[in-house]
Amino acid sequence: MSTTLEARNVDATAVTRPRWLLPFGAFSILFFIAAQAISLYLSQPDRDMGHLQKIMYVHVPSAWVSMIAFFVVFVTSLLYLIKRDIRHDLMAASAAEVGVILTALTLALGSIWGRPTWGVYWTWDPRLTTTAILLLIYVGYLALRAFTEDEDRRARWAATVGIFGFMNVPIVYMSVRWWRTIHQVQSTPSTVDPYYVIGLRLNAFAFLFLFIFFVGMRYYIARLERTKAVRLEERALAEE
Amino acid sequence: VSRAELSRVGAIVWKDLTAERRTKANFNAVVFLAGLILLLFGFALGPDHDALRDAAGGVLWLTVLFSGVLSFNRSYEQELENGSLEMLLLYPGDRRSIYLGKLFANLTFVLLVEVIMVPAAAVLYDIPVWSVIVPLSTVLLLGTFGFVTLGTFYAAMSSRLRAREVLLPLLLFPMLIPLLVAAVQATGAILDGDLMNVAGSWIRLLIVYDVIFFLGALYAFEHVIED
């Protein structure tokens with residue numbers, strides 16, 4: 001497709017890195033280290049689980065933030081279909097990549113916790129199973145992107161897959177919950193040690209900040225890659 | 001929905017089914033593959049009669065999924081080979097009729113495969129389908145409708161890519177997990193006489209799933225097919 005720069009909605013000026021990105025990245029990494037240190041130092045070993053409980057500080061935040069990631073994919077996909085601005089597509093792709101990493105991390109950490117606690121690495125529990133299905137759905141999303149070469153087509157197709165995937169989340173969860181359930185009942189802040197709550201909240205923010213940094217960085221790189229691709233194409237067309 | 005739109009949908013269904021009827025190559029192959037999968041599951045799970053009968057619902061639906069998925073890409077590939085998709089898109093009228101036409105042609109195709117496959121499964125797995133034919137057909141129809149709805153939608157994308165054979169199941173099967181769970185549970189309950197009275201809730205879940213993704217696909221198809 002030989003459309004011009006303008007028609008394809010590119011900023012012809014160079015993509016610059018947002019000034020907040022690197023300082024924010026440094027901050028979020030330091031915040032993460034601090035949140036981990038504080039929560040590990042503050043919390044006493046759990047009565048039943050002992051030090052194993054501390055996996056909660058990485059498992060639960062990564063699960064929460066992965067849901068935020070897929071919600072971002074959903075919203076930016078919808079925005080892309082409405083406005084057809086390629087930046088929404090690049091943002092959806094960035095959030096999906098980070099979301100897949102976080103989902104995989106959630107599953108890995110959950111398995112490490114599940115083996116000594118439940119006695120098995122894997123169980124067909126609703127939340128665990130839903131997370132695994134989400135991982136598969138968004139791996140499919142990334143695979144579709146990887147196999148689709150035309151940019152406009154990739155953006156439109158990926159947007160529909162991203163929207164359908166998110167629409168499926170509550171249906172998947174309901175169906176698996178009816179199917180069977182043994183997941184640990186969610187604790188509420190009133191039933192656990194206050195230091196656990198502080199540790200969990202700190203780490204939830206730590207993961208959120210890291211998520212914003214990663215997505216921001218990935219989005220910046222995606223825009224650079226895109227500008228490069230468009231320029232190469234322009235040059236090739238000019239030489240003809 | 002206007003009369004003109006209905007006749008457009010009808011024309012596409014007729015065209016696709018005629019193309020299929022004249023070659024029959026694909027239908028016959030898919031039917032034999034379905035029979036083969038039923039046999040393979042029997043060898044993998046068997047030969048204990050009770051075990052086979054307990055697994056029958058799951059086996060039946062996995063066979064529908066694994067054999068049916070082969071028909072979706074083909075439904076667009078035959079258009080792409082002759083460049084006739086461009087022609088279809090050039091015709092006046094709503095593009096949704098293309099989707100609906102493909103959807104009902106594929107639905108007919110998969111249901112016809114099931115008409116042969118289910119009696120075969122009844123024999124091989126010793127399940128009493130005749131006494132429960134009405135509820136069983138309801139579940140088959142609802143489950144197949146949801147399956148074909150998403151299959152036809154995703155194949156509109158995957159059929160135009162090099163990696164179509166692997167990409168379609170990769171996109172489609174994770175999305176179908178709620179449908180698979182509901183359909184297998186409902187089928188299993190019905191084959192057992194539905195003593196716990198659970199088939200109804202699973203059927204309602206199937207209906208919700210079908211409605212949501214049918215409407216979703218109907219609205220999103222425009223974005224997928226335009227080029």
Q) Do you know the tightest heavy-atom contact between A:G140 and B:L171? A) O-CD2, 3.4 Å
Q | Reported CG-to-CD1 distance for the pair B:L172 and A:I137, which is rounded to 0.5 angstrom | A | 11.0 Å
**Q.** Rounded distance [0.5 Å steps], CZ in A:F147 versus CG in B:L161
**A.** 8.5 Å
Q. Given that the side chain runs from C-beta out, which part of A:T160 has a heavy atom under 4.5 Å from chain B: side chain, backbone, both or neither?
A. side chain
Q) By number, which residues in residues 137-154 of chain B have some heavy atom less than 4.5 Å away from chain A? A) B:L150, B:F153, B:Y154
**Q.** Value rounded to 0.5 Å, distance of CG in A:L144 from CG in B:L168
**A.** 11.0 Å
**Q.** Residue part contacting chain A, namely of B:A217, when any heavy atom lies under 4.5 Å
**A.** both
Q) Between B:M157 and A:V161, does a side-chain contact (heavy atoms from CB on, under 4.5 Å) hold up when you go through it step by step? A) CA-CA 10 Å; B:M157 301 182 242; A:V161 173; 3.8 Å; yes
Q: Please look at B:A220 and chain A and tell me whether the side chain, the backbone, both or neither of the residue comes under 4.5 angstrom of a heavy atom of that chain.
A: both
**Q.** Nearest heavy atoms of A:W178 and B:W202, plus distance in Å
**A.** CB-CH2, 3.6 Å
Q: Count the heavy atoms of every other residue, nucleotide or ligand shown that sit under 6.0 Å from CZ of A:F205, and state whether that count exceeds 12.
A: no
Q.
If you compare all heavy atoms of A:N168 against all heavy atoms of B:M175, which two are closest, and at what distance to 0.1 Å?
A. ND2-O, 3.0 Å
Q: Provide the closest heavy-atom pair for B:L205 versus A:S175 in the form atom of the first, atom of the second, distance.
A: CD2-CB, 3.6 Å
(Q) Please find the pair of heavy atoms, one from A:W157 and one from B:H223, that lie closest to each other, and give the distance. (A) CD1-O, 4.3 Å
**Q.** Structural part of B:I177 lying under 4.5 Å from a heavy atom of chain A
**A.** side chain
Q. Picking from A:V172, A:T130, A:V176, A:I133, what satisfies side-chain contact (heavy atoms from CB on, under 4.5 Å) with B:P178?
A. A:V172
Q) Which bit of A:Y173 is near chain B, if near means a heavy-atom gap under 4.5 Å: side chain, backbone, both or neither? A) neither
(Q) For residues 101-111 of chain B, give me every residue with a non-hydrogen atom less than 4.5 Å from any non-hydrogen atom of chain A. (A) none
